[in-house]
Asker: 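Below you'll find the structure I mean.
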Number of protein chains: 2
Amino acid sequence: MTETAGGGRDAEAVSKFVESFAAQLVEAGMQRMPARIFAALLSSDEGAMTSAELGEQLQISPAAVSGGVRYLAQTHMVSREREPGSRRERYVVHGDQWYEALTNREAVLKRWEGALRDGVTSLGENTPAGRRMAETLAFFEFIEGEVSAMMERWRVHRQQVFGD
Amino acid sequence: MTETAGGGRDAEAVSKFVESFAAQLVEAGMQRMPARIFAALLSSDEGAMTSAELGEQLQISPAAVSGGVRYLAQTHMVSREREPGSRRERYVVHGDQWYEALTNREAVLKRWEGALRDGVTSLGENTPAGRRMAETLAFFEFIEGEVSAMMERWRVHRQQVFGD
DNA sequence: CGCTTCATTCAGAAATTTGTGAAGTTAAGG
DNA sequence: CCTTAACTTCACAAATTTCTGAATGAAGCG
């Protein structure tokens, strides 16, 4: 058993999981550092770590932590907290907030819709290409509406299974 | 008006749209070449182009077309067709098939679920981290179920709005 | 069969991305 | 105020990715 100072957990097993989960995130399009940082936070007991802790576990420089965290904060996957009267920051995965962010690609959808609308105009509403474009646009609009309903159902489901 | 041999369409406007839509796809994590190729196909009247046509519109080498198309075919966004008795291949966006592929990230979800299951085991079911992991896993399982129902509703909706 | 036309593969050049060390900035605590 | 601890920014080196040209491989067509 590989127990270290980290609080009685099998550090090696944790690290292995962190890397393998990060790899999945990378494959899905996330940058490497944000992915690793996120995975580390997700598998910490508190769901929160300081910059120094992240640096040590992942063997990366403070600069890398800073960059990765900035990305995660911007995309609302993680939030920054700081105990009042200290300048040590804690980076926190807020329970369920993060996968809501993951699903709420609303900004992305909106941009796609914008681009598609331009497409319909550029190509002409009555060209075959224009009609295909319009249908695609309709698909995204449909999805956008469905997603929020779906998340609502999830909250109900979650409540039932996990309580609060 | 910038008309070229391309069949009476405003080539410049089309190209502009292709590039801007491709840029959105890139931002969402797709590689540049596949994104450009896909956008070009999507905005072609036939929904299909040959390698040579793609090469000319996008100003890229045959090798780049080949590589891009391979990716798109693997992910089922595009299919290859070839008129019998010709070795000129046509790459086709099959109407609605492609965004079904986009949504059907089932393989991706499955892998995430696998990784998360490992995580629950590594971290221990009764640790706080393990419980968080388990909840995340439940979320993905929930989503997986919902997505297929959602696509079914889309087909109905599409039928109503666009006919067949 | 051989010629020709496409498509693919591969090695390498070029461009981009990524992560680091070092300098810079801000704010707590004496 | 001055010191010091924490985070951030920036320039650059290294690694990776991306695209090309050239070589290779297949398949129609005469």
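As a basis for the values below, the full set of heavy atoms in this structure was taken, side chains included, without hydrogen atoms, waters or symmetry mates. Order of the sequence lines fixes the chain letters, A, B, ..., with proteins taken first and strands second; residue numbering starts at 1 for each chain.
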Asker: Between atom CZ in Arg88(B) and atom P in dT8(C), what is the gap in whole Å?
Answerer: 14 Å
Asker: Would you grab the first and last nucleotide of DNA chain D (5' to 3') that comes under 4.0 Å of any non-hydrogen atom in chain A?
Answerer: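 In short, chain A contacts DNA chain D from dT4(D) to dT9(D).
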Asker: Can you tell me which nucleotide in dC6(C), dT20(C), dT8(C) comes closest to the side chain of Arg87(B)?
Answerer: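 Nearest to the side chain of Arg87(B) among the choices is dC6(C).
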Asker: Can you tell which of Met49(B), Arg80(B), Glu83(B) makes a side chain to side chain contact (heavy atoms under 4.5 Å, CB included) with Glu89(B)?
Answerer: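 With Glu89(B) as partner, side chain to side chain contact (heavy atoms under 4.5 Å, CB included) holds for just one option, Arg80(B).
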Asker: Are Leu25(A) and Phe38(A) close enough, and set up right, to give a side-chain contact (heavy atoms from CB on, under 4.5 Å), and what steps lead you there?
Answerer: CA-CA 9 Å; Leu25(A) 294 172; Phe38(A) 183 72; 3.9 Å; yes
Asker: Can you work out whether Arg36(A) or Arg90(B) has the more 5'-proximal nearest nucleotide on DNA chain C?
Answerer: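 Mapping each residue to its closest nucleotide by heavy atoms, the 5'-most match is Arg90(B).
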Asker: Using the side-chain heavy atoms of Pro62(B), tell me which of these nucleotides is nearest: dT8(C), dT4(C), dT9(C).
Answerer: dT8(C)
Asker: Might you point out which heavy atoms bring Ser43(B) and Arg132(A) nearest each other, and give the distance in Å?
Answerer: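 Minimum heavy-atom contact is N-NH1, 4.4 Å.
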Asker: Taking the side chain of Ala64(A) as its heavy atoms from C-beta onward, which of dT8(C), dG19(C), dT5(C) lies nearest to it?
Answerer: dG19(C)
Asker: Passes salt bridge (Lys or Arg N to Asp or Glu O under 4.0 Å), Glu12(B) versus Lys16(B)? Steps please.
Answerer: CA-CA 6 Å; Glu12(B) 200 185 328; Lys16(B) 215 160 156 188; 5.7 Å; no
Asker: After noting the C-alpha distance and the side-chain angles of Arg117(A) and Glu141(A), does the key distance pass the salt bridge (Lys or Arg N to Asp or Glu O under 4.0 Å) rule?
Answerer: CA-CA 11 Å; Arg117(A) 246 182 284 276; Glu141(A) 287 169 341; 3.1 Å; yes
Asker: Among dA22(C), dT9(C), dT8(C), find the nucleotide with the atom closest to the side chain of Arg70(B).
Answerer: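 Nearest to the side-chain atoms of Arg70(B), counting from C-beta on, is dT9(C).
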Asker: Assign each of Ala63(B) and Gly67(A) to its nearest nucleotide of DNA chain D by heavy atoms, then name whichever residue's nucleotide is nearer the 5' end.
Answerer: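 Checking each residue's closest nucleotide, the 5'-ward one belongs to Gly67(A).
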Asker: Can you check the Arg32(B) CZ to dT17(C) C1' distance for me, whole Å?
Answerer: 12 Å
Asker: Send over the distance from Arg80(B) CZ to dC6(C) P, rounded to a whole Å.
Answerer: 17 Å
Asker: Is there a side-chain contact between Gln97(A) and Ser79(A), using heavy atoms and a 4.5 Å cut-off?
Answerer: yes
Asker: Whole angstroms only, please: what is the CE-C1' distance between Met33(A) and dT20(C)?
Answerer: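 Going from Met33(A) (CE) to dT20(C) (C1'), I get 11 Å.
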Asker: Taking all heavy atoms of Glu135(A) and all of Trp154(B), pick out the closest pair and write down the distance.
Answerer: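 Nearest pair, atom of Glu135(A) first, then Trp154(B): O-CH2, 4.0 Å.
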Asker: Measure from CE on Met49(B) to P on dC6(C) and round the result to the nearest Å.
Answerer: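 Roughly 16 Å, once rounded to whole Å.
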Asker: Rounding to an integer number of Å, can you tell me how far Ile60(B) CD1 sits from dA7(C) P?
Answerer: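 To the nearest whole Å, that distance equals 13 Å.
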Asker: Ile37(A) CD1 to dT18(C) C1': how many Å, rounded?
Answerer: 13 Å
Asker: From the options dG19(C), dA7(C), dC6(C), select the nucleotide whose nearest atom is closest to the side chain of Ser51(B).
Answerer: dA7(C)
Asker: In whole Å, what is the span from the CD atom of Glu83(A) to the C1' atom of dA27(C)?
Answerer: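 After rounding, the reported distance stands at 16 Å.
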